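Take a look at the structure below.
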Amino acid sequence: MASEQGLDAVRSVLENEAPHLLEKRETKARREGLPDLNNATKGKVVLRFAPNPNGPLSFGHARGLVINSTYREMYDGEFILRFDDTDTKVKPPMLEAYKQIQDETEWLIGRQPDRVVFASDRIETYYEHAANMLEQGFGYVCRCSAEEFKEHRVSKTSCPCRTQTPQDNMVFWTRMLNGNFKPGEAVVRVKTDMTLKNPALRDWPALRLQDTKAHPHPRPEIGSTYVVWPLLDFQSAVEDHLQGVTHIIRGKDLMDSTRKQTLLYEHFGWTYPETLYWGRVKVHEWGGFSTSQMRNDIENGKYSGWDDPRLPTLAGLKKRGTQALALRNFWLELGITQKDISVPLATLYAHNTKVIDDDAPRMTFVRHPVSFDLVGDHQDSIELPHHPNHPQMGVRRWNLSNGKIWIESEDLEKMDLRLKEFADVALHDREARLESIERLDKRPIVHWLSDQNSTEGVLVGTKDDTHLHIEGRVERHKHPVGTIVQLERVGYARIMEDGNLMLCHEELQAE
RNA sequence: GCUCGUAUAGUGUAGUGGCCCAUCAUGAAGGACUCUCAUUCCUUCGACCCGGGUUCAAAUCCCGGUACGAGCACCA
């Protein structure tokens with residue numbers, strides 16, 4: 001009917017016979033941004049992000065920062081940055097990382113955290129809760145070796161220490177604090193249930209001993225002060241409660257941690273925060289990087305530092321010109337699904353391009369340049385816009401009075417070229433003969449450089465795990481260090497401290 | 001092995017029983033604009049892991065299978 005009499009005819013029939021069918025269907029709106037939090041009241045939400053400062057922040061850390069701080073904005077709540085620096089041997093903190101992480105946090109989320117907490121400043125507080133736990137009988141000092149306890153965990157049997165009286169436990173606890181035990185000889189456990197289905201939850205360890213003489217804490221004010229240190233599950237659980245954290249959003253690798261901590265909260269009579277998890281994210285182009293592996297590779301010279309652009313650190317990404325907003329948009333788009341995913345860098349680059357293109361002045365870089373002499377009448381100078389879509393950004397003026405120009409060697413295959421914004425030329429030997437100022441035909445348009453307005457320069461970048469190093473001529477400019485420019489026909493680049501250019505989005509041209 | 005979790009286009013993502021022959025982005029291909037292989041815009045391509053069940057109705061709920069991931073550290 002619609003095809004024969006038109007839609008209007010159909011409509012009029014419906015109006016008469018079934019008007020309700022014409023009512024606008026309410027289409028499900030695609031959800032914008034992050035989903036609502038459970039049990040969240042505006043103004044009362046407290047979130048935290050708790051990295052170990054054993055190195056600067058990496059790409060993956062950005063997720064925790066972005067998601068948590070975005071919820072802070074959504075609910076007008078509080079965001080805590082907490083340094084979980086309670087291990088001095090396996091993953092020892094790095095002193096410089098404390099400040100760097102705070103700086104990077106501010107860079108990424110655009111504001112300072114509402115609170116900054118150092119776990120290593122709060123050891124006495126954790127002790128109080130440990131003592132409390134022992135006195136109340138839901139914790140005990142276990143003097144079994146790790147191997148011995150493992151057998152108990154597997155066989156669902158209690159170890160001999162489990163039935164000690166609170167008094168005995170307090171005696172052992174004091175001896176732990178006094179350094180009468182060596183690391184490995186005693187540990188404080190939370191009494192749960194040795195028959196729990198999940199073996200990970202059975203009487204889990206809460207505090208242990210560390211040889212802080214041999215491995216002092218890197219913060220000088222802490223150093224070797226303490227020998228008893230809380231483990232993550234205990235420290236984090238107690239601190240979350242003390243700080244009034246209402247929502248925890250973290251990796252699903254910590255799901256069992258939530259269960260362990262919930263058991264502890266039950267003992268203390270506390271209510272566990274709402275918890276959300278995200279799955280693992282891999283980037284196609286990056287293998288597995290661990291903080292300790294990166295540290296090794298930096299020390300042995302494989303990478304130039306934490307800001308080596310080949311590294312998935314925030315510092316490395318920043319050096320390549322990745323914008324904080326692009327990173328935020330990227331993580332917000334992924335959301336908080338529990339799926340394990342693998343994303344290509346192209347996705348991050350797409351976000352970055354959107355952020356930078358409007359503000360990126362155009363510049364010219366001629367790779368593998370070949371010089372030509374202009375032959376024919378031409379003006380002494382030309383003007384080029386800084387940005388084709390934004391005339392208000394002004395123009396750059398090139399001087400052509402010495403008649404010498406540079407062209408990319410890759411463009412020489414064609415003899416007839418259009419020098420962008422200038423003239424049609426024909427190449428012969430090292431001469432570029434002017435054929436027309438007006439564009440007359442469809443010959444390819446190439447970028448080029450006036451000799452007087454360019455210097456030798458280097459374009460660097462990365463290709464997989466190697467450096468890209470392209471010699472060429474770079475246009476003279478007055479942009480400050482750090483400016484993101486667009487090298488026409490080449491790509492976006494960041495102006496570096498040494499005056500060279502760093503490609504923002506690796507890929508193309510394996511040279 | 002035990003425990004837990006997840007499965008929607010190439011890659012991500014929306015979707016919590018009917019508005020879904022499935023959203024949005026990215027990607028790829030084509031096109032418009034442009035004196036950049038940029039930006040912007042348009043078009044096209046492409047998916048509900050498998051098998052049962054519940055229901056008038058299932059991507060959505062249940063069960064089973066499969067796949068992938070994580071935890072079972074005196075690391076975080």
Side-chain angles (χ1 to χ4, degrees), chain A residues 24-32 35 50-54 83-93 119 142 144-147 149-150 153-154 156 181 183-189 196-202 204-210 228-229 231-233 235-236 251-260 277 279-282 284 291-292 329-330 332-335 337-344 346-351 353-354 356-358 360 362 364 384-385 387-390 418-424 438-439 443-447 486-492 508:
Chain A
K24 269 188 192 148
R25 281 176 154 186
E26 279 183 38
T27 45
K28 270 180 197 162
R30 184 187 162 80
R31 199 197 72 229
E32 290 289 331
N52 176 1
N54 63 339
F83 292 109
D84 280 353
D85 54 347
T86 57
D87 181 87
T88 63
K89 189 181 176 187
V90 182
K91 292 180 179 173
C142 177
C144 300
S145 68
E147 295 72 31
F149 190 82
K150 187 172 184 179
R153 180 172 48 234
V154 174
K156 301 186 181 180
F181 290 110
E185 292 180 348
V187 60
V188 177
R189 294 189 179 280
L196 250 22
K197 277 173 70 183
N198 188 340
L201 311 183
R202 297 172 193 157
W204 53 272
L207 300 98
R208 76 345 192 149
L209 295 154
Q210 296 195 94
V228 178
W229 284 80
L231 269 332
L232 171 87
D233 291 317
Q235 177 271 130
S236 177
K252 69 174 183 182
D253 54 311
L254 293 175
M255 272 181 167
D256 282 348
S257 195
T258 297
R259 296 180 184 108
K260 287 186 205 173
Y277 308 93
R280 221 177 60 158
V281 173
K282 274 197 295 193
H284 289 346
T291 303
S292 49
N329 291 342
F330 171 86
L332 252 17
E333 185 176 60
L334 296 196
T337 61
Q338 290 186 33
K339 265 163 82 173
D340 298 311
I341 57 177
S342 182
V343 287
T347 305
L348 176 60
Y349 293 154
H351 282 290
T353 296
K354 278 195 179 68
I356 63 183
D357 183 76
D358 236 17
R362 270 43 179 174
T364 303
L384 304 149
H387 192 120
N389 305 343
H390 301 296
R418 170 75 184 174
L419 302 180
K420 190 171 184 301
E421 309 270 7
F422 177 46
D424 289 350
E438 297 301 316
R439 180 167 167 87
R443 66 181 69 188
I445 298 167
V446 301
H447 65 297
Q486 190 207 65
L487 304 176
E488 289 179 317
R489 290 182 74 221
V490 177
Y492 298 96
L508 66 160

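These numbers come from the heavy atoms of this one structure, side chains and all, not from hydrogens, waters or symmetry mates. Order of the sequence lines fixes the chain letters, A, B, ..., with proteins taken first and strands second; residue numbering starts at 1 for each chain. Just so it is clear, the structure is predicted and the values come from calculations on it, not from any experiment.
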Heavy atoms under 4.0 Å, any strand shown: does [X] hit a base, just sugar-phosphate, or nothing?
X	result
Lys197(A)	sugar-phosphate
Gln338(A)	sugar-phosphate
Lys354(A)	sugar-phosphate

Next item on the list: Measure distances between side-chain N and O atoms of Arg489(A) and base N and O atoms of rA38(B), and say whether any donor-acceptor pair falls under 3.5 Å.
Entry: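 It does not, because no donor-acceptor pair links the side chain of Arg489(A) to the base of rA38(B) below 3.5 Å.
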Could you list the residues that satisfy side-chain contact (heavy atoms from CB on, under 4.5 Å) with [X], not counting sequence neighbours?
X	answer
Arg259(A)	Leu201(A), Met255(A), Asp256(A)
Ala186(A)	Val141(A), Arg143(A), Met176(A), Phe181(A), Leu209(A)
Val281(A)	Arg63(A), Trp331(A), Leu334(A), Ile341(A), Val343(A)

Contacts of [X] that satisfy side chain to side chain donor-acceptor pair (under 3.5 Å) - sequence neighbours left out:
X	value
Asn389(A)	none
Thr337(A)	none
Arg189(A)	none

Margin query: Run the ring pair (Phe, Tyr, Trp, His ring centres under 6.0 Å) test against His387(A) and tell me which residues pass, sequence neighbours left out.
Written below: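 Per chain and number, His387(A) pairs via ring pair (Phe, Tyr, Trp, His ring centres under 6.0 Å) with His390(A).
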Note to self: Taking ring pair (Phe, Tyr, Trp, His ring centres under 6.0 Å) as the definition, give me every residue that meets it alongside Tyr277(A), ordered by chain and number, with sequence neighbours left out.
What the structure shows: none
Next item on the list: Spell out protein contact along nucleotides 68-76 of chain B as letters: B when the base is contacted, S when just the sugar-phosphate is, - when no protein heavy atom is under 4.0 Å; keep the 5' to 3' order.
Entry: -SSBBSBBB
Check: What is the distance from CZ of Arg418(A) to P of rU34(B), rounded to the nearest Å?
Finding: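 To the nearest whole Å, that distance equals 14 Å.
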For nucleotides 9-11 of chain B, give me every protein contact, N/O to N/O, under 3.5 Å, one pair per line with atom names.
unit_1  : atom_1 : unit_2    : atom_2 : d
rU11(B) : O3'    : Ser342(A) : O      : 2.8
rU11(B) : O2'    : Ser342(A) : O      : 3.3

Item checked: Watson-Crick or G-U pairs under 3.5 Å in RNA chain B, rendered as dot-bracket with [ ] for crossing pairs and | for another strand -> (((((((..(((.....[.....)))((((((.......))))))...(((((..]....))))))))))))....
What N/O pairs connect the protein and nucleotides 43-50 of chain B at under 3.5 Å? Give each pair on its own line.
none

